[in-house]
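Input: a single structure, listed below in structure tokens.
Residue numbering restarts at 1 for every chain, and letters A, B, ... go by the order of the sequence lines.
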Number of protein chains: 2
Amino acid sequence: MREPTFLILTALAEEPRHGYAVIEDVSAMTGGRVRLRAGTLYAALDRLRSDGLIDVDREEVVQSRLRRYYRLTAAGERSLAAETARLREQAAIADRRLRARRTDLGGAPA
Amino acid sequence: MREPTFLILTALAEEPRHGYAVIEDVSAMTGGRVRLRAGTLYAALDRLRSDGLIDVDREEVVQSRLRRYYRLTAAGERSLAAETARLREQAAIADRRLRARRTDLGGAPA
DNA sequence: GAAGCATATACCGGTCATCGGTATATGCGC
DNA sequence: GCGCATATACCGATGACCGGTATATGCTTC
């Protein structure tokens, strides 16, 4: 799973959101670093839906504009949890090695 | 940065390694989940080298076969550290939301 | 009242990291 | 001599993602 996909699932983990709200939440989550493109978002939404990780929650019409809300399915929740565990483990391994490097004397000029 | 690239940098963070040793370390690190393909590895190595994140450490001939060892540069170390921090943060956010979900009552059948 | 901006969904062409397979070469065990 | 592990390297295909654009509406500003 790539970063944008992971962030979309994380956005939907908090509460059902419509497309545009996902873009905004991902931006807020990453301190503005990740600005999801419309193309990325809607393609990912379709893909995640056909994979059964998300589903349409409801549709609302606000100011005569359609809002389609998506929510995480049980499978999506499991998938996000597994991915989160993986991220945490890999970060821990890298962290350990980076620390060991710095401990091994200021060291080799790279 | 995608997962294979991150894992390659992590493999080199421990000590200089040659290509094949990177494949083995990545496999060990991920409990056998990630088996880097030769195509993935050498393309990534070339790319990382031209990006200045890794460099050739030395070359050895073992059993008349060449072994090219790569090491992390200072830039590579910084890049890996930044990426690690990003992973840790995103995992923490997702974790928080997943926990909140479970707390919010066993909840909605997805 | 029109121009511009935010909201909102959607499509499309292109890029690029990765995958899967293959080529090449050597040494070892059977 | 055959298969396997080691070792580097190339190539075509895939697919997620990017960037841009189209469409539509309502709000704000001049």
Side-chain angles (χ1 to χ4, degrees), chain A residues 1-12 16-28 30 32-51 53-70 76 79-80 83 86 90, chain B residues 1-12 16-28 30 32-51 53-70 76 79-80 83 86 90:
Chain A
M1 187 184 299
R2 308 251 264 265
E3 196 189 3
T5 301
F6 176 80
L7 293 171
I8 290 168
L9 290 183
T10 303
L12 297 180
R17 288 189 156 101
H18 58 94
Y20 203 82
V22 169
I23 291 178
E24 292 192 313
D25 186 52
V26 166
S27 175
T30 60
R33 187 178 57 86
V34 179
R35 301 283 317 167
L36 250 34
R37 303 285 152 176
T40 303
L41 177 75
Y42 293 103
L45 251 20
D46 287 346
R47 186 167 23 91
L48 289 170
R49 189 141 65 120
S50 75
D51 289 348
L53 301 188
I54 67 173
D55 212 348
V56 173
D57 186 65
R58 66 186 187 280
E59 294 185 343
E60 281 178 8
V61 176
V62 177
Q63 291 168 343
S64 69
R65 216 177 291 122
L66 178 71
R67 279 187 184 171
R68 185 141 48 220
Y69 286 76
Y70 296 90
S79 182
L80 179 59
E83 192 70 7
R86 183 179 74 69
Q90 290 182 3
Chain B
M1 188 184 299
R2 308 252 262 265
E3 196 190 4
T5 301
F6 176 80
L7 293 171
I8 290 168
L9 289 183
T10 303
L12 296 180
R17 288 191 155 101
H18 58 94
Y20 202 82
V22 169
I23 291 178
E24 293 192 311
D25 187 51
V26 167
S27 174
T30 60
R33 187 177 56 86
V34 179
R35 302 281 319 166
L36 250 34
R37 304 285 151 176
T40 303
L41 178 74
Y42 293 103
L45 251 21
D46 287 346
R47 185 167 25 90
L48 290 170
R49 189 140 66 120
S50 76
D51 289 348
L53 302 188
I54 66 173
D55 211 347
V56 173
D57 186 65
R58 65 187 188 280
E59 294 184 342
E60 282 178 8
V61 176
V62 177
Q63 290 170 341
S64 69
R65 216 178 291 122
L66 179 71
R67 280 188 183 169
R68 185 143 45 222
Y69 287 76
Y70 296 90
S79 182
L80 179 58
E83 191 70 7
R86 184 178 75 67
Q90 290 181 3

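Considering only side-chain N and O atoms, A:R37 lies nowhere under 4.0 angstrom from the phosphate OP1 or OP2 of D:dC17. Checking the phosphate oxygens (OP1, OP2) of D:dA9, no side-chain nitrogen or oxygen of B:Y42 falls inside 4.0 Å. The side chain of B:T5 contributes an N or O atom lying less than 4.0 Å from OP1 or OP2 of C:dT18. Neither OP1 nor OP2 of C:dC16 sits under 4.0 Å from any side-chain N or O of B:R2. Under 4.0 angstrom from either OP1 or OP2 of D:dC17 there lies at least one side-chain N or O belonging to A:R47.
For A:L36 and D:dG19, the CG to P distance is 11 Å, given to the nearest whole Å. A:E59 places its CD atom 14 Å from the P atom of C:dA8, with the value rounded to the nearest Å. Distance, A:I23 CD1 to C:dA6 P: 14 Å, rounded to whole Å. Here D:dA16 presents its C1' atom at 19 Å from CZ of A:R49, a figure rounded to the nearest Å. Atom C1' of nucleotide C:dA17 and atom CG of B:L41 are separated by 13 Å, given to the nearest angstrom. In this entry the distance linking CZ of B:R35 with P of C:dG20 reads 12 Å, nearest Å. Rounded to whole angstrom, the span from the CG atom of B:D46 across to the C1' atom of C:dC16 amounts to 15 Å. The CG-C1' distance, from B:L66 to C:dT24, rounds to 14 Å in whole Å.
Comparing B:G39 and A:V34 by the nucleotide of DNA chain D that holds the closest heavy atom to each, the one mapping nearer the 5' end is B:G39. Residues B:T40 and B:A21 both approach DNA chain D. Their nearest nucleotides, taken by heavy-atom distance, put B:A21 toward the 5′ side.
Closest contact between the side chain of B:R67 and the listed nucleotides C:dT7, C:dA10, D:dA7 involves D:dA7. Closest approach to the A:Y20 side chain among D:dT6, C:dT18, C:dA6 is made by C:dA6 (side chain taken as heavy atoms from C-beta onward). Of the candidates D:dC17, D:dA9, C:dA10, D:dC17 carries the atom nearest the A:P4 side chain, counting heavy atoms from C-beta on.
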* Checking side chain to side chain contact (heavy atoms under 4.5 Å, CB included) for the pair B:D55/B:R49: CA distance, chi angles, key distance, verdict? -> CA-CA 6 Å; B:D55 211 347; B:R49 189 140 66 120; 4.2 Å; yes

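Counting non-hydrogen atoms under 4.0 angstrom, A:E60 reaches nothing in the nucleic acid.
For the pair B:T30 (side chain) and B:V26 (backbone), a donor-acceptor distance under 3.5 Å is present. Judged by distance alone, with hydrogens and angles left aside, the side-chain atoms of A:S27 form no donor-acceptor pair with the main-chain N or O of A:I23 at under 3.5 Å.
Residues B:V22 and B:A11 come closest through the heavy atom pair CG1-CB, 4.1 Å. What you find for A:L12 and A:Y70 is that their closest heavy atoms are CD2-O, 3.4 Å.
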